[in-house]
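Structure first, then comments.
Only this structure's heavy atoms are used, side chains among them; waters, hydrogens and symmetry mates stay out.
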Amino acid sequence: MAIIETEAALHEAHRDNHTHRDVNGGWLRPAVFGAMDGLVSNLALMTGVAGGSVGHQTIVITGLAGLAAGAFSMAAGEYTSVASQRELVEAELDVERRELRKHPQDEEDELAALYVARGVEPRLAREVARQLSKDPEQALEIHAREELGIDPGDLPSPLVAAVSSFGSFALGALLPLLPYLLGANALWPAVLLALAGLFGCGAVVAKVTARSWWYSGLRQLALGGAAAGVTYALGTLFGTAVG
């Protein structure tokens, strides 16, 4: 009795603690990386222009233009990419749907063979395939997952992808602009705020990776800082050459 109770307790503990990270990232991954992209690109753009010893107004206009251009570009790119991917998936689902309608037995045999290949006893695999194939929509879903690796009921939305990309990029690109919009006349407040944002984004990325928050934050801080430093040096060089 004590052994049974111990095993039950272990099972209960395993069930309670056996959790995984969201490996697909859900909404977090595209939002964080979109914001990070906007932050790095606009920071680098603004520091590059500032390196050319231009006026305060020019830096602000450059930052606003970079924000708008990048956000619209990201939204258009995401919409086109996700829409094209969805159309391809839907076309493949139509092919599978026709095959299920025209050759149901062949598709059932194919499904049974998949289960046998995964170690299921042949007789049991055929029975499972037969029962699952009774419902055409269920059969389509199973074939799509097994053969195409997709879930027909969970296809990405082009509109959601475009809107989320636009918003997250714009939010990230706005960060280095904020000090200027609030009255700052020097570059360093924008750089400090942007670097803090980079560290924060990197730390949040750790939520969807196995890395520690400080490692991820410092890595993104170093990469973004390097991009800003290089573009500032190039801006200074080109500004001197042109001047």
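Side chain of Arg130 to backbone of Glu108: no donor-acceptor contact under 3.5 angstrom is found. Formation of a donor-acceptor pair under 3.5 Å by the Ser81 side chain with backbone atoms of Gly77 is not found in this model. Side chain of Thr47 to backbone of Ala228: a donor-acceptor contact under 3.5 angstrom is found. Using a distance-only test at 3.5 Å, with no hydrogens or angles considered, no donor-acceptor pair links the side chain of Ser165 to the main chain of Ala75.
Every residue meeting the side-chain contact (heavy atoms from CB on, under 4.5 Å) condition with Val128, not counting sequence neighbours, appears here in chain and number order: Tyr115, Leu124, Leu132.
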Check the pair Asp106 / Glu99 against side-chain contact (heavy atoms from CB on, under 4.5 Å), numbers first and verdict last. CA-CA 9 Å; Asp106 291 341; Glu99 288 299 309; over 6 Å; no
Test Glu137 against Leu140 for side-chain contact (heavy atoms from CB on, under 4.5 Å), laying out the working first. CA-CA 5 Å; Glu137 287 304 312; Leu140 175 65; 4.1 Å; yes
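Across Ala125 and Val120, no two heavy atoms sit closer than the pair N-CG1, 3.7 Å. Closest heavy-atom contact between Ala44 and Ala227: CB-O, 4.2 Å. Scanning all heavy atoms of the two residues, the minimum distance from Ala139 to Leu100 falls at C-CD1, 4.0 Å. Shown here for Pro158 and Ala83, the closest heavy-atom pair between the two residues is CG-CA, 3.7 Å. Scanning both residues, Cys201 and Ala35, for their nearest heavy atoms gives SG-CB, 4.4 Å. When every heavy atom of Pro122 is checked against every heavy atom of Val116, the shortest pair comes out as CA-CG2, 3.7 Å.
When the side chains of ILVMFWY residues are joined at heavy-atom separations under 4.5 Å, either directly or via intervening members, Leu195 and Leu218 end up in a single hydrophobic cluster. In terms of hydrophobic clustering, with Ile, Leu, Val, Met, Phe, Trp and Tyr side chains grouped at heavy-atom distances under 4.5 Å, Leu178 and Leu192 are assigned to different clusters. Connection of Met46 to Leu193 is established within a shared hydrophobic cluster, with ILVMFWY side chains joined at heavy-atom distances below 4.5 Å, either directly or through further cluster members. Note on Val89: it clusters hydrophobically with Leu148, by side-chain heavy-atom contacts below 4.5 Å among ILVMFWY residues. Residues Phe166 and Leu45 fall into different hydrophobic clusters, defined by Ile, Leu, Val, Met, Phe, Trp and Tyr side chains chained together at heavy-atom separations under 4.5 Å.
In this structure the side chain of Leu114 never reaches within 4.5 angstrom of the side chain of His143, judged on heavy atoms. Between Ser41 and Phe169 the shortest side-chain heavy-atom distance falls below 4.5 Å. Residues Val40 and Gln220 form a side-chain contact, since some pair of their non-hydrogen atoms from C-beta on lies under 4.5 Å apart. Within the 4.5 Å cutoff, the side chain of Val191 has no heavy atoms near those of the Tyr232 side chain. Side-chain contact between Glu92 and Ile150 is absent, with no heavy-atom pair separated by less than 4.5 Å. Looking only at side-chain heavy atoms (C-beta outward), Val60 and Leu181 come within less than 4.5 Å of each other. Side chains of Val54 and Thr62 form no contact here, defined as non-hydrogen atoms less than 4.5 Å apart. Residues Glu147 and Glu110 form a side-chain contact, since some pair of their non-hydrogen atoms from C-beta on lies under 4.5 Å apart.
Around the CD atom of Gln57, the shell of radius 6.0 Å holds no more than 12 heavy atoms that belong to other residues, nucleotides or ligands.
Rounded to the nearest 0.5 Å, atoms CG (Leu64) and CD1 (Ile59) are 12.0 Å apart. To the nearest 0.5 Å, the span separating CG on Leu43 from OG1 on Thr231 amounts to 7.0 Å. Gln105 CD to Ser133 OG: the interatomic distance, rounded to the nearest 0.5 Å, is 8.5 Å. Here OH of Tyr79 is found 7.0 Å from CG of Leu159. Values are rounded to the nearest 0.5 Å. Between the NE2 atom of His103 and the CD atom of Glu107 there is a distance of 8.5 Å, given to the nearest 0.5 Å. Considering CZ of Arg98 and CZ of Arg101, their distance stands at 7.5 Å, rounded to 0.5 Å.
His56 and Tyr180 have tilted rings, their planes meeting at an angle from 30° to 60° on a 0 to 90° scale.
At a threshold of 4.0 Å, the pair Arg123-Glu127 does not count as salt-bridged, since none of the basic side-chain nitrogens sits closer than that to a carboxylate oxygen.
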